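Just so it is clear, the structure is predicted and the values come from calculations on it, not from any experiment.
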Amino acid sequence: MESWRPADRLEETLQDANTADEVQQALAMLREAELALPLTDAAFDGTEPPSWPTTTGPDERTWVLAYTSLESMRISTEGRFKHARVSSLPELAAGWPNPTWGLALNPGLPIQLTIEPGQLARLA
């Protein structure tokens, strides 16, 4: 996997968040952040509709994938995704596809977070 570095202040804050207070500060920053949701090449080209990018965790739960930058998305997915649709956290929560799904933010990176459905609604 390519070496990861923070792309912006939000990612720096997430990287430095080692205490509960710092995590809360980073989560508060997410309210104003733009999130990148991976798009397939076909969805980007308009030949298929965009879909919710998801993964299933070891607990068999479904998580929507989102990233705090295109750079983080490309590194985390090892280049499988080159394009993304951009959404704010409130927009994302407003169109949430399933109330049991959580949000996996920057999975596989040092700044990964999982956000439970109820916490997502409160953040948005």
Side-chain angles (χ1 to χ4, degrees):
M1 181 182 283
E2 187 180 335
S3 164
W4 177 86
R5 283 189 257 174
D8 54 28
R9 180 69 190 125
L10 172 59
E11 290 187 352
E12 288 171 359
T13 301
L14 287 169
Q15 183 179 32
D16 294 340
N18 295 317
T19 68
D21 287 342
E22 291 168 334
V23 169
Q24 288 305 315
Q25 176 189 359
L27 289 173
M29 290 176 72
L30 286 175
R31 286 187 198 112
E32 305 300 321
E34 291 186 332
L35 301 176
L37 285 77
L39 277 178
T40 63
D41 289 341
F44 180 76
D45 294 339
T47 57
E48 73 179 22
S51 62
W52 289 93
T54 61
T55 190
T56 303
D59 57 359
E60 299 300 316
R61 292 184 58 204
T62 300
W63 300 90
V64 173
L65 302 173
Y67 299 88
T68 49
S69 69
L70 286 174
E71 296 86 353
S72 290
M73 180 191 74
R74 290 178 182 139
I75 290 170
S76 175
T77 65
E78 297 179 332
R80 283 188 323 232
F81 295 98
K82 298 170 190 70
H83 310 289
R85 62 182 164 125
V86 176
S87 178
S88 69
L89 194 59
E91 291 169 336
L92 189 61
W96 201 247
N98 185 312
T100 65
W101 292 1
L103 178 67
L105 189 66
N106 301 314
L109 298 177
I111 58 170
Q112 69 183 2
L113 286 174
T114 53
I115 302 173
E116 297 291 335
Q119 184 181 20
L120 178 69
R122 285 188 302 278
L123 282 171

Exercise for the section: Say whether Leu39 and Leu103 are linked into one hydrophobic cluster, either directly or through other cluster members, by side-chain heavy-atom distances under 4.5 angstrom. Expected result: no
Practice task
Using side-chain contact (heavy atoms from CB on, under 4.5 Å) as the criterion, list what pairs up with Glu34, not counting sequence neighbours.
Solution key: Val86
Exercise for the section: May I have all residue pairs that pass ring-ring contact (aromatic ring centres under 6.0 Å, His included) and include part of residues 36-58, sequence neighbours excluded? Expected result: Phe44-His83, Trp52-Trp96
Handout entry: hydrophobic_cluster_shared for Trp63 and Leu27, side chain cutoff 4.5 Å
Key = no
Problem - In one Ile/Leu/Val/Met/Phe/Trp/Tyr side-chain cluster, 4.5 Å: Leu120, Leu113 - result: yes
Exercise for the section: Output the distance between atom CG (Asp41) and atom CD (Glu48), rounded to the nearest 0.5 Å. Expected result: 9.0 Å
Exercise for the section: State whether Arg9 and Glu12 are salt-bridged, where the test is any N-O pair (Lys NZ or Arg NE/NH1/NH2 against Asp/Glu carboxylate O) under 4.0 Å. Expected result: yes
Problem - Least distance between heavy atoms, Met73 atom then Lys82 atom - result: CE-C, 4.0 Å
Practice task
Taking Glu91 for its side chain and Ser87 for its backbone only, find out whether a donor-acceptor pair lies under 3.5 Å.
Solution key: no
Problem - From CG (Leu37) to OG1 (Thr54), nearest 0.5 Å - result: 11.0 Å
Exercise for the section: Using modelled atom types only, decide if a donor and an acceptor are shared between the side chain of Thr62 and the backbone of Trp101 within a distance under 3.5 Å. Expected result: no
Handout entry: Nearest heavy-atom neighbours spanning Leu35 and Leu89
Key = CD1-CD1, 4.1 Å
Practice task
Please confirm whether the backbone N or O of Pro107 pairs with a side-chain atom of Ser76, one donor and one acceptor, at under 3.5 Å?
Solution key: yes
Handout entry: Derivation of the side chain to side chain contact (heavy atoms under 4.5 Å, CB included) call for Phe81 and Leu65
Key = CA-CA 12 Å; Phe81 295 98; Leu65 302 173; 5.6 Å; no
